[in-house]
Each structure stands twice: as C-alpha cells, then as structure tokens.
Amino acid sequence: MSTLEGKWDKAYERIEEAYVPTLVRNWLVFIPTQIVNFSVVPPHLRMVTVGVVSLFWNTYLSVANAPLAAAAAAAAEPKVLAAQAAIDGTTATVSSVGGGDEEKGSAVVP
C-alpha cells in the first residue's frame, strides 16, 4: 500500500511489520473458505462464494489500513496549517496529542 500511496521510503518498513501477520490472517480466512467451497458448495456457485469472501477480506484490509492513513494525515496536519497560514498571512496554531505527549506549536507568518 505504501508504494501506491507514493511513500517509497516507508514501503520496506511497512512490509516488515505487516506482511507476515496479514499473510497468516489471509490463510486463516481463505484456507477454510476453500475447504468448504470445494466440499460443500455446488460448482456453479464457487466463484460467487470466493467473490463474497473476497469482498469482506478487502473490506477488512481497508479497515486495518485506515489507522495508518489517519496517523499519516495527522502527521501532515501541521504542515498544511503552516502552509495555509503562509497563504493567508495569519497565525496557525497546532495542538496534537499522541501517546500521552502533548505537542503544541504555532507558526506566525508576516
């Protein structure tokens, strides 16, 4: 996902931390699905079964990736506020709370 989001520098780090857990969860979902699919589901409905399970799997992946996207957006917020302040010629105040540490700052643009 990192490479698709244009974050090439964080891609290797993201792969190291998320690949194995995601792969194991994938196996926990799709191996039982395929066992049931080939043993119980009629042949003409097998594609539908895999399609429905894949829909839920992709939803799970999106939800699991959402906190990372939110954290990246929160990290970018001070830069956006400072840039907006530079355009408006005003003062931007940033206040964020993360992990128990409070960080406050302001950018004054003449």
Side-chain angles (χ1 to χ4, degrees):
M1 251 347 249
S2 298
T3 55
L4 295 175
E5 294 171 349
K7 301 173 187 168
W8 293 92
D9 54 335
K10 299 192 187 238
Y12 185 75
E13 175 186 320
R14 179 79 177 121
I15 289 169
E16 279 186 332
E17 78 179 33
Y19 179 73
V20 173
T22 304
L23 182 63
V24 170
R25 289 183 190 109
N26 185 359
W27 291 339
L28 291 173
V29 169
F30 282 101
I31 290 175
T33 298
Q34 292 294 16
I35 290 171
V36 170
N37 197 22
F38 285 110
S39 64
V40 177
V41 178
H44 66 283
L45 295 176
R46 289 182 182 160
M47 290 286 285
V48 175
T49 302
V50 173
V52 169
V53 172
S54 295
L55 173 70
F56 286 105
W57 174 250
N58 287 327
T59 303
Y60 162 75
L61 288 177
S62 294
V63 169
N65 197 38
L68 297 174
E77 182 181 349
K79 294 176 187 173
V80 171
L81 288 176
Q84 186 63 37
I87 292 169
D88 295 343
T90 61
T91 302
T93 303
V94 178
S95 175
S96 63
V97 178
D101 298 335
E102 286 194 28
E103 183 180 319
K104 295 184 180 184
S106 63
V108 179
V109 179

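Model, not experiment: these values are computed from the prediction. All residue numbers in this chain count up from 1 along the given sequence. Hydrogens, waters and symmetry mates are skipped; everything else that's a heavy atom, side chains included, is used.
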**Student:** Donor-acceptor pairs under 3.5 angstrom involving side-chain atoms of residues 43-51: please list them, not counting sequence neighbours.
**Tutor:**
from: Arg46; atom 1: NE; to: Asn37; atom 2: O; distance (Å): 3.3
from: Arg46; atom 1: NE; to: Val41; atom 2: O; distance (Å): 3.2
from: Arg46; atom 1: NH2; to: Phe38; atom 2: O; distance (Å): 3.4
from: Thr49; atom 1: OG1; to: Leu45; atom 2: O; distance (Å): 3.0

**Student:** Output all residues satisfying side-chain contact (heavy atoms from CB on, under 4.5 Å) with Ile31, sequence neighbours left out; order by chain, then residue number.
**Tutor:** Trp27, Ile35
**Student:** Can you tell which of Val52, Val53, Asn58 makes a side-chain contact (heavy atoms from CB on, under 4.5 Å) with Phe56?
**Tutor:** Val52
**Student:** If I compare all heavy atoms of Thr22 with all of Trp57, which pair ends up nearest, and what's the gap?
**Tutor:** O-CH2, 3.8 Å
**Student:** Testing the 3.5 Å rule here: is there a donor-acceptor pair between the side chains of Arg14 and Tyr19?
**Tutor:** no
**Student:** Honestly curious: do Val20 and Ile15 fall in one hydrophobic cluster under the side-chain, below-4.5 Å linking rule?
**Tutor:** yes
**Student:** Are Leu23 and Leu61 grouped together when hydrophobic residues (ILVMFWY) are joined by side-chain heavy atoms under 4.5 angstrom apart?
**Tutor:** no
